[in-house]
Amino acid sequence: FDILILQICSLAWDDLRELGMQDDPFFKQFDFLFTDFNTVTTYSNPAAIRLLNGSCGQRRHADLYGVLPPECSLMEGLRGQGYALRYARNHNGTYGKFDDEVRRFGRLEAAPFAPAGLDAKKYMFDDSPVYDDYALLAQWWAERRKSGEKRVALYYNSVSLHDGSHWTADHEWWKRDHREQYREFLLTLRNDLTRFFELLAASGRNVAVVVLGEHGRAVRGNAIETPGLRDIPLPRITLVPAGVKLIGKSAGRGSAGQNIIIGKPTSYFGLAFALEAFAERSPFGTDRYTTRAFIDSVPQTAFVAENENNLVVKYDDEYYFFGKDRKWIRLSEEALR
């Protein structure tokens with residue numbers, strides 16, 4: 001079976017709750033849903049690097065930009081299981097040197113997929129093109145099927161929900177209500193991914209699809225950060241949906257169709273653990289992954305969130321902040337709301 005990892009920028013449970021979409025049926029279709037998944041960071045590049053480094057758990061922010069041991073690389077682990085590695089994104093990969101950092105620090109040695117004949121669906125805040133998620137993924141899937149490779153692992157990055165992205169024909173996008181604009185983008189993304197899942201199912205191949213947020217968009221503000229500000233990695237920004245959906249001719253048997261909730265605190269290490277277990281023994285046609293023993297074996301990761309200069313930790317059900325003043329401050333309920 002193939003493994004497709006779709007990392008979505010600007011998608012957190014708090015954003016969904018703000019729009020009343022936290023119980024959308026889209027999230028109920030996943031065979032494994034992590035409901036307390038911490039992305040650790042509130043920015044794109046470190047979120048991608050952390051995901052791709054997930055096999056060694058959570059590293060300090062400064063350590064992300066050093067030498068990565070090969071055994072820490074999720075994608076290299078999958079390569080070792082016989083997977084051909086692929087990379088795609090619906091943007092040009094130049095802002096913040098995203099392509100370069102994914103390759104260097106995420107150890108993703110794969111050329112980015114170059115879509116053919118696609119027009120930009122949106123523009124980013126820097127006027128760079130953003131392509132339609134379904135159109136790009138469908139084109140990539142067609143190329144993948146032509147390749148004839150036995151198994152493929154894809155890392156895909158989407159910025160369709162990013163603050164400042166806007167439809168190409170929307171020339172005064174900044175004047176619109178940002179919540180309603182975000183809702184529109186969410187519904188479009190949901191529909192695009194649903195269509196893509198249907199395309200995968202129609203192919204007859206077995207595919208494990210991972211969908212997870214990169215970090216939240218911070219649609220609403222609070223006492224210490226205004227809407228859209230993400231400097232302090234608060235849990236309302238770093239706790240995101242993360243799910244695995246099993247699609248294919250064997251779906252509906254074994255682990256598929258079970259809708260298993262993994263509600264304990266988890267992060268990239270738990271996801272990497274599950275994917276590497278699946279790669280060693282397929283989840284299609286077996287019930288071994290539906291057992292309490294497997295669910296209990298998924299590693300738990302205590303809440304620690306960190307950007308370059310700010311750190312938030314959870315200890316004894318309280319959250320503490322450590323910033324530029326180099327002092328620990330207990331965060332009030334007002335600061336966390």
Side-chain angles (χ1 to χ4, degrees), residues 7-22 34-51 58-65 95-96 124-126 159 161-165 173-183 185-186 212-242 263-268 301-337:
Q7 192 175 33
I8 312 298
C9 179
S10 304
L11 178 66
W13 285 119
D14 190 75
D15 298 322
L16 294 166
R17 281 192 294 270
E18 182 68 9
L19 300 182
M21 293 181 62
Q22 71 275 18
F34 297 80
T35 57
D36 195 4
F37 188 96
N38 176 27
T39 67
V40 182
T41 180
T42 60
Y43 293 108
S44 297
N45 289 32
I49 295 168
R50 286 186 180 282
L51 169 62
Q58 185 168 326
R59 307 166 78 211
R60 290 296 304 270
H61 178 85
D63 295 339
L64 298 179
Y65 300 92
Y95 184 79
M124 278 285 280
F125 54 84
D126 62 353
V159 296
L161 304 180
H162 198 290
D163 196 8
S165 64
W173 58 271
W174 62 89
K175 296 181 179 180
R176 296 186 56 193
D177 180 273
H178 72 281
R179 282 179 172 81
E180 289 310 307
Q181 185 187 57
Y182 183 65
R183 183 192 301 276
F185 291 171
L186 270 173
L212 77 159
E214 196 180 79
H215 55 73
R217 178 160 159 167
V219 169
R220 66 178 182 90
N222 70 355
I224 59 176
E225 286 188 312
T226 59
L229 190 63
R230 294 178 277 112
D231 288 345
I232 300 174
L234 296 170
R236 66 185 180 86
I237 307 173
T238 70
L239 295 179
V240 306
K264 59 187 170 182
T266 53
S267 192
Y268 304 105
T301 301
F303 185 93
V304 179
E306 181 184 18
N307 288 330
E308 186 174 5
N309 297 310
N310 296 313
L311 179 70
V312 175
V313 302
K314 185 179 183 181
Y315 180 73
D316 278 352
D317 291 325
E318 299 278 5
Y319 288 91
Y320 296 86
F321 168 65
F322 188 81
K324 292 181 180 179
D325 292 340
R326 319 310 291 169
K327 295 179 181 179
W328 286 103
I329 301 171
R330 186 180 68 82
L331 294 172
S332 66
E333 290 186 15
E334 185 181 22
L336 292 167
R337 280 201 298 267

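Remember, it's a predicted structure, so these values are computed and weren't measured experimentally.
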Would L11 and L186 count as a side chain to side chain contact (heavy atoms under 4.5 Å, CB included) here? Give the steps. CA-CA 9 Å; L11 178 66; L186 270 173; 3.7 Å; yes
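- Atoms CZ and CH2, from F125 and W173 in turn, are 9.5 Å apart once rounded to the nearest 0.5 Å.
- For the pair H178 (side chain) and V219 (backbone), a donor-acceptor distance under 3.5 Å is present.
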Counting only pairs under 3.5 Å, give me each side-chain donor-acceptor contact of residues 229-236, with atom names and distances, residues two or more places apart or in other chains.
from	atom 1	to	atom 2	distance (Å)
R230	NH1	T42	O	2.3
D231	OD1	Y43	OH	2.6
R236	NH1	R220	O	2.8

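- Qualifying side chain to side chain donor-acceptor pair (under 3.5 Å) partners for Q181, counting only residues two or more places apart in sequence or in other chains: none.
- In this structure, the side chain of D36 does not engage the main chain of K264 through any donor-acceptor pair within 3.5 Å.
- Residues Y182 and D177 fail the side-chain proximity criterion, which asks for heavy atoms closer than 4.5 Å.
- Judged by distance alone, the side chain of D163 and the main-chain N or O of G228 form no donor-acceptor pair under 3.5 Å.
- Interatomic distance, CD1 of I224 versus OG of S332, reported as 7.5 Å (0.5 Å rounding).
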The test is side chain to side chain contact (heavy atoms under 4.5 Å, CB included); show your working for L311 and V304 and say whether it passes. CA-CA 7 Å; L311 179 70; V304 179; 3.7 Å; yes
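- With values rounded to the nearest 0.5 angstrom, R179 atom CZ is found 10.5 Å from R217 atom CZ.
- Residues meeting the side-chain contact (heavy atoms from CB on, under 4.5 Å) test with A223, sequence neighbours left out: E334.
- In this structure, Y268 contributes its side chain and V40 its backbone to no donor-acceptor pair below 3.5 Å.
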S44/H215 under side chain to side chain contact (heavy atoms under 4.5 Å, CB included): CA gap, chis, key distance, verdict: CA-CA 7 Å; S44 297; H215 55 73; 3.6 Å; yes
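- Residue E308 holds its CD atom at 10.0 Å from OG1 of T41, rounded to the nearest 0.5 Å.
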Determine whether L64 and H61 satisfy the following criterion, side chain to side chain contact (heavy atoms under 4.5 Å, CB included), listing intermediate values before the conclusion. CA-CA 5 Å; L64 298 179; H61 178 85; 4.2 Å; yes
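- Across L16 and P241, no two heavy atoms sit closer than the pair CD1-CG, 3.8 Å.
- Side-chain N/O atoms of T238 and N38 include a donor and acceptor closer than 3.5 Å.
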Which atom pairs, one a donor and one an acceptor, fall under 3.5 Å between side chains of residues 316-329 and the rest of the protein, sequence neighbours left out?
from	atom 1	to	atom 2	distance (Å)
E318	OE1	R330	NH1	3.4
R326	NH1	G323	O	3.3

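- Side-chain contact between L212 and T39 is absent, with no heavy-atom pair separated by less than 4.5 Å.
- With sequence neighbours left out, E306 forms a side chain to side chain donor-acceptor pair (under 3.5 Å) with R60.
- The nearest pair of heavy atoms linking P46 to Y65 is CD-OH, 3.8 Å.
- No side-chain donor-acceptor contact under 3.5 Å links N307 to the backbone of N309.
- Between the side chain of N45 and the main chain of G96, a donor-acceptor pair closer than 3.5 Å is present.
- To the nearest 0.5 Å, atom CG of residue D14 and atom CD1 of residue I237 are 8.0 Å apart.
- Summarising the geometry, atom CG belonging to L51 is positioned 4.5 Å from atom CD belonging to Q7; distances are rounded to the nearest 0.5 Å.
- Taking R337 as the reference, nothing meets the side chain to side chain donor-acceptor pair (under 3.5 Å) condition, with sequence neighbours excluded.
- Minimum interatomic distance between A12 and G216 (heavy atoms only, all atoms of both residues): CB-CA, 3.4 Å.
- Using a 4.5 Å heavy-atom cutoff, the side chains of Y95 and H162 are not in contact.
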